[in-house]
Peer 1: 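Below are the structure tokens for one structure; questions will follow.
Chain A is the first sequence line, chain B the second, and so forth, proteins listed ahead of strands; every chain is numbered from 1.
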Amino acid sequence: MPVTPFQQRVYDAVALIPPGRVATYRGVATRIGCGSPRAVGQALKHNPFAPRIPCHRVIASNLTLGGFMGHVDGPAVRRKVRLLEGEGVRFVDGRLEDSARLHDFGRM
DNA sequence: AGTCGCCACGAAG
DNA sequence: CTTCGTGGCGACT
């Protein structure tokens, strides 16, 4: 699957997320100049750079986990939480415990 | 090339 | 919680 410039922007933005922090689809979308977080989610679900892009650091703006590897629920999401917890980002009841872990791309 | 449907979301009601 | 709207990509026509 050919990678579109749009996806490239998404992957680049996500790759800029430092460890121990998470970004929201909204933040990434705004960062890349896209008002649609849905497009970001779609780009990430394609994930041509699966292990290369820390897509597990991307969560929904409502502090929910969102999805992972094309799964909205299941072992993949569980793995996602485990990865984030390994970086210091703890989740409670499927939600981000510390909202301060949200990475600011510099929104406005 | 134009149109329809899909998506891991967001905001509004 | 439910519904509509936005933006973009894939597939079909």
Peer 1: For A/Tyr25, enumerate each residue passing the side chain to side chain donor-acceptor pair (under 3.5 Å) test, keeping only those at least two apart in sequence or located in another chain.
Peer 2: none
Peer 1: Rounded to the nearest 0.5 Å, what's the gap from NE2 on A/His103 to CZ on A/Phe105? Could you check?
Peer 2: 4.5 Å
Peer 1: Cut-off 3.5 Å, no hydrogens considered: what does the side-chain donor-acceptor table look like for residues 66-85 of chain A, sequence neighbours left out?
Peer 2:
{"from": "A/Lys80", "atom 1": "NZ", "to": "A/Val58", "atom 2": "O", "distance (Å)": "2.8"}
{"from": "A/Lys80", "atom 1": "NZ", "to": "A/Leu65", "atom 2": "O", "distance (Å)": "2.6"}
{"from": "A/Lys80", "atom 1": "NZ", "to": "A/Gly67", "atom 2": "O", "distance (Å)": "2.9"}

Peer 1: To the nearest 0.5 Å, tell me how far A/Cys55 SG sits from A/Lys45 NZ.
Peer 2: 13.5 Å
Peer 1: Tell me: CD of A/Gln7 to P of B/dA8, nearest whole Å?
Peer 2: 15 Å
Peer 1: Main chain of A/Ile17, side chain of A/Arg57: is a donor-acceptor contact present, judged purely on distance under 3.5 Å?
Peer 2: yes
Peer 1: Do the non-hydrogen side-chain atoms of A/Leu102 and A/Leu96 ever get within less than 4.5 Å of each other?
Peer 2: yes
Peer 1: Quick one, which residues of residues 59-67 of chain A touch DNA chain B with a heavy atom under 4.0 Å?
Peer 2: A/Ala60, A/Ser61, A/Asn62, A/Gly67
Peer 1: Atom CE of A/Met69 to atom P of B/dA8: distance rounded to whole Å?
Peer 2: 14 Å
Peer 1: If you measure from the Lys or Arg side-chain nitrogens to the Asp or Glu carboxylate oxygens, is any gap between A/Glu87 and A/Arg21 under 4.0 Å?
Peer 2: no
Peer 1: Could you grab the distance from atom CG of A/Asp98 to atom CG of A/Leu63, nearest 0.5 Å is fine?
Peer 2: 10.0 Å
Peer 1: For DNA chain C, produce a single dot-bracket line, 5' to 3'. Pairs: Watson-Crick or G-U wobble, both distances under 3.5 Å. Symbols: ( ) within strand, [ ] crossing, | other strand, . unpaired.
Peer 2: |||||.|||||||
Peer 1: For the side chain of A/Arg26, starting at C-beta, report the closest nucleotide among B/dA8, C/dC9, B/dG10.
Peer 2: B/dG10
Peer 1: Which distance, rounded to the nearest 0.5 Å, do you find between the OG1 of A/Thr64 and the CG of A/Asp93?
Peer 2: 11.0 Å
Peer 1: Counting the atoms with a prime plus P, OP1 and OP2 as sugar-phosphate, which does A/Phe6 contact under 4.0 Å by heavy atoms, base, sugar-phosphate, or nothing?
Peer 2: sugar-phosphate
Peer 1: Sequence neighbours excluded, which residues qualify as side chain to side chain donor-acceptor pair (under 3.5 Å) partners of A/Arg90?
Peer 2: A/Glu97
Peer 1: Let me know the distance between CG of A/Asp73 and P of B/dA8, rounded to the nearest Å.
Peer 2: 12 Å
Peer 1: Rounded to the nearest angstrom, tell me the gap between atom CG in A/Leu84 and atom C1' in B/dA8.
Peer 2: 14 Å
Peer 1: Can you measure from CZ (A/Arg26) to CD1 (A/Ile59) and round to the nearest 0.5 angstrom?
Peer 2: 14.5 Å
Peer 1: Which letters describe nucleotides 1-6 of chain C, given B = protein heavy atom under 4.0 Å from base, S = only from sugar-phosphate, - = neither?
Peer 2: ----BB
